[in-house]
Protein chains: 2
Amino acid sequence: MDRNDLVVDDLNNADVFKELNDEEYAEFLHTGRAKKVKDRTVLFHQGDPAQRCYWVRQGRLKLSRVNEEGKEVTLRYIFQGEIAAAVAVIKNSEYSVTALAMEDTEVVAWEKFDFIKLMERFPRIPVNILTIVLNRLDDIQNRYTELCTEQVEQRIARTLLRFIRTCGARRHDGIYIETPLSRQDLAEYIGTTVFTVSRTLSKWERKGWIKSDQKKIIVTDPHALVSFTE
Amino acid sequence: MDRNDLVVDDLNNADVFKELNDEEYAEFLHTGRAKKVKDRTVLFHQGDPAQRCYWVRQGRLKLSRVNEEGKEVTLRYIFQGEIAAAVAVIKNSEYSVTALAMEDTEVVAWEKFDFIKLMERFPRIPVNILTIVLNRLDDIQNRYTELCTEQVEQRIARTLLRFIRTCGARRHDGIYIETPLSRQDLAEYIGTTVFTVSRTLSKWERKGWIKSDQKKIIVTDPHALVSFTE
DNA sequence: CGCTCTATTGATAAACCTCAAATACAGTGG
DNA sequence: CCACTGTATTTGAGGTTTATCAATAGAGCG
């Protein structure tokens with residue numbers, strides 16, 4: 001992978017509104033209800049009946065599961081422009097995950113009935129959702145494979161590179177991950193502990209691969225991370 | 001979970017032909033080409049362009065990925081009545097996994113073009129495929145969560161219970177897992193090593209929870225496994 | 001400043017992998 | 001039936017990775 005390939009906008013692959021024209025897009029959004037969600041607020045709970053689905057206009061959600069012992073696993077992040085819980089609404093089932101705002105977030109919420117109606121009016125939407133689901137299946141299969149075969153540090157490196165791809169911004173001193181990201185967040189995403197993440201990032205900071213403050217990470221040597229994963 | 005709930009036929013949830021009548025079903029199968037695949041034969045390779053998709057009439061396939069270092073991870077098994085590679089064909093992409101026959105297996109293969117045509121003639125098929133994909137997403141998300149939060153022995157227990165659900169047969173002395181299943185197979189499915197699996201199964205055999213010969217496992221005390229996972 | 005949340009670091013222990021070697025078993029051909 | 005071969009399984013010793021626990025420091029905020 002080339003250094004210049006690192007910052008790529010993958011969001012288009014996940015766009016629910018792909019191939020809708022501006023008018024249709026406006027109508028779609030208008031049917032939903034805009035909502036402001038404060039940092040650390042739970043939008044919906046795993047197990048609750050799926051009443052609404054959400055589109056993120058600004059900010060970020062975390063979709064996670066909690067196992068019996070209360071340990072939390074992050075299944076994915078939902079960034080700006082992405083949709084959450086559409087499948088649960090379509091299946092008319094319960095939410096299979098819990099959604100938490102990771103910062104102050106603005107969403108558009110559709111009631112189940114309205115969303116189904118909209119899908120009938122715009123058949124392109126369910127097609128787009130299918131694409132999104134397939135991408136997410138691919139993503140989780142990749143991460144499953146990595147979890148099975150790679151050690152923690154490799155997975156941390158891969159995760160930083162992944163974040164760079166979805167929300168990396170090149171600046172003079174490196175690539176900024178433009179979303180608050182604590183050691184704990186990383187640990188839950190990767191399947192390790194906050195201690196191991198901290199140790200690893202400290203080491204890499206000493207090596208000059210990254211710089212980092214609280215919840216902020218700047219990758220100064222992405223190439224080093226790339227070769228580390230190989 | 002009750003002891004009597006353990007043997008359940010989950011296959012219906014994954015049936016591509018759901019809601020097709022006998023005639024349609026016959027036509028569908030007839031359009032494909034029957035094929036006998038010997039044990040240990042590769043049906044398709046990860047990375048190859050997806051030319052065909054397959055339906056398993058008899059036997060079992062293993063879908064796996066190999067990472068850069070050659071370590072193999074089993075993503076799922078495809079049992080009798082299930083379909084493989086439909087998504088790759090629909091997406092007109094490459095196979096994302098490798099398919100290997102785990103025993104002598106009979107499949108029906110459709111050429112890409114034929115399969116697309118059939119889906120147009122029977123719109124119920126893509127709907128069913130969507131359901132299947134969602135089930136598989138759910139499955140891998142569960143296993144991802146388990147991999148993150150549980151220790152090896154718990155995951156082994158869960159896996160045995162999972163196999164019981166898909167191919168368990170109750171007999172006088174316990175529930176037979178009716179498919180050849182080596183320690184190696186289990187290890188690749190769970191994300192551990194053959195040694196750890198062997199040690200664990202030996203221990204459980206001493207405890208009287210299971211009995212086992214080469215590639216054959218009989219769960220004599222499923223309840224013990226269930227409470228072990230809790 | 002005091003409070004809370006986040007991050008760091010060290011010591012220790014547990015879980016699990018790696019490697020080596022032995023054994024058991026299944027299938028084959030004489 | 002037996003010997004032979006290759007595969008599958010078992011077991012032990014030893015080492016590595018990573019989790020756990022405890023203690024401390026820093027950052028941000030009212």
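Residue numbers begin at 1 in each chain, while the letters A, B, ... track the order of the sequences. Side chains included, hydrogens not; waters and symmetry mates left out as well; all remaining heavy atoms used.
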Separation of atom [atom1] in [X] from atom [atom2] in [N], rounded to whole Å:
{"X": "A/Q184", "N": "C/dA7", "atom1": "CD", "atom2": "P", "result": "9 Å"}
{"X": "B/F195", "N": "D/dA13", "atom1": "CZ", "atom2": "P", "result": "16 Å"}
{"X": "B/W204", "N": "D/dT10", "atom1": "CH2", "atom2": "P", "result": "13 Å"}
{"X": "B/K216", "N": "C/dA24", "atom1": "NZ", "atom2": "P", "result": "18 Å"}
{"X": "B/E153", "N": "C/dC16", "atom1": "CD", "atom2": "C1'", "result": "11 Å"}
{"X": "B/Q151", "N": "D/dT20", "atom1": "CD", "atom2": "P", "result": "8 Å"}
{"X": "A/K71", "N": "D/dT20", "atom1": "NZ", "atom2": "C1'", "result": "11 Å"}
{"X": "A/I190", "N": "D/dA19", "atom1": "CD1", "atom2": "P", "result": "10 Å"}

Does the plane of the ring in B/Y95 sit parallel, tilted or perpendicular to the ring in B/F44? Use 30° and 60° as the thresholds.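 Plane angle under 30°, so parallel.
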Contact class for A/Q214 vs. all strands (heavy atom < 4.0 Å): base, sugar-phosphate, or nothing? base
Please classify the nucleic acid contact of A/S202 as base, sugar-phosphate, or nothing, using heavy-atom distances under 4.0 Å. sugar-phosphate
Please check the phosphate of [N] (OP1 and OP2 only) for any side-chain N or O of [X] closer than 4.0 Å.
{"X": "A/T193", "N": "D/dA19", "value": "yes"}
{"X": "B/T196", "N": "C/dC16", "value": "no"}
{"X": "A/T192", "N": "D/dA19", "value": "yes"}

How about A/W204 and A/F228: are their ring centres within less than 6.0 Å of each other? yes
Kindly state whether the ring of B/Y189 and the ring of B/F163 have centres lying under 6.0 angstrom apart.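 They qualify: ring centres under 6.0 Å apart.
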Cut-off 3.5 Å, side chains only: do A/R183 and A/S198 have a donor facing an acceptor? no
So, applying side chain to side chain contact (heavy atoms under 4.5 Å, CB included) with A/L225, which one of A/T159, A/L160, A/I156 is it? A/L160
Selection from D/dT9, D/dT11, C/dC17 that lies nearest to any side-chain heavy atom of B/K215: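 Closest nucleotide to the B/K215 side chain: D/dT9.
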Between D/dT11, C/dC16, C/dT8, which one does the side chain of A/S198 approach most closely?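 Of the candidates, C/dT8 comes closest.
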Establish whether the base of D/dT10 is bridged to the side chain of B/R206 by a donor-acceptor pair shorter than 3.5 Å. no
Does any donor-acceptor pair link the side chain of A/R183 with the base of C/dT9 at a separation under 3.5 Å? no
